[in-house]
Amino acid sequence: EINQLRRSLEDLTERSEALGGFFEYDLKSERLAEVSRELEDPAIWDTPEKAQALGKERARLEQVVGTLDRIATGLKDADELLTLAFEEKD
């Protein structure tokens with residue numbers, strides 16, 4: 001039973017990594033960092049249109065990057081809990 005659960009977690013982890021590629025996680029994560037840095041610059045607010053566009057872009061990027069991060073964290077946590085449960089059984 002535990003081996004089946006572990007295989008399921010491994011399969012889900014592989015699928016989430018594939019989703020990261022499909023949604024261009026690395027590129028979006030890097031772009032999110034760039035956009036966030038730009039928005040931290042007080043001078044950006046001298047051009048409200050650009051600031052607003054960057055704010056919208058950041059929101060879109062945070063949605064994709066955040067969702068994929070939560071999936072990866074959830075799978076890692078589930079694996080750790082499964083390991084702890086197995087060790088407690090011994």
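Heavy-atom basis, side chains included; hydrogens, waters and symmetry copies ignored. We count residues from 1, following the sequence as given.
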Charged N to carboxylate O below 4.0 Å: is that the case for [X] and [Y]?
{"X": "Arg58", "Y": "Glu38", "value": "no"}
{"X": "Arg31", "Y": "Glu34", "value": "yes"}
{"X": "Asp41", "Y": "Arg37", "value": "no"}

TODO: Please check if Val64 and Phe22 belong to a single hydrophobic cluster, counting links between Ile, Leu, Val, Met, Phe, Trp and Tyr side chain heavy atoms closer than 4.5 Å.
DONE: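 Yes, Val64 connects to Phe22 through the hydrophobic network.
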Open item on the list: Between Leu19 and Arg15, does the side chain to side chain contact (heavy atoms under 4.5 Å, CB included) criterion hold? Intermediate values first, please.
Closed with: CA-CA 6 Å; Leu19 279 175; Arg15 289 174 186 229; 5.9 Å; no
Report the distance from atom [atom1] of [X] to atom [atom2] of [Y], rounding to the nearest 0.5 Å.
{"X": "Lys50", "Y": "Leu39", "atom1": "NZ", "atom2": "CG", "value": "9.5 Å"}
{"X": "Glu57", "Y": "Leu32", "atom1": "CD", "atom2": "CG", "value": "9.0 Å"}
{"X": "Asp77", "Y": "Leu82", "atom1": "CG", "atom2": "CG", "value": "12.5 Å"}
{"X": "Leu81", "Y": "Phe86", "atom1": "CG", "atom2": "CZ", "value": "15.0 Å"}
{"X": "Leu54", "Y": "Glu49", "atom1": "CG", "atom2": "CD", "value": "11.5 Å"}

- [ ] For atom CD of Gln4, decide whether the heavy atoms of other residues, nucleotides or ligands shown that lie under 6.0 angstrom number more than 12.
- [x]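 Result for CD/Gln4: open.
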Open item on the list: Could you check whether atom CZ of Arg6 has more than 12 heavy atoms from other residues, nucleotides or ligands sitting under 6.0 Å from it?
Closed with: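 Buried by this count: over 12 neighbours within 6.0 Å.
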Open item on the list: Donor-acceptor check, side chain of Ser29 to backbone of Tyr25, threshold 3.5 angstrom: yes or no?
Closed with: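 No, because the side chain of Ser29 does not come within donor-acceptor range (under 3.5 Å) of the backbone of Tyr25.
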Task: Close side-chain approach of Glu10 to Asp79, heavy-atom, < 4.5 Å - done: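 In short, these two side chains do not touch, never coming nearer than 4.5 Å.
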- [ ] Specify the closest pair of heavy atoms between Gly20 and Leu68, including all atoms of both residues, with the distance to one decimal.
- [x]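 Looking at all heavy atoms of both residues, the shortest contact is CA-CD1, 4.0 Å.
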- [ ] Grab the two heavy atoms, one from Leu75 and one from Ser16, that are nearest each other, plus how far apart they are.
- [x]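 Looks like CD1-OG, 3.7 Å.
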Task: side-chain hydrogen bond (donor to acceptor under 3.5 Å, both in side chains) partners for Arg70, two or more places apart - done: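 Expected list: Thr67.
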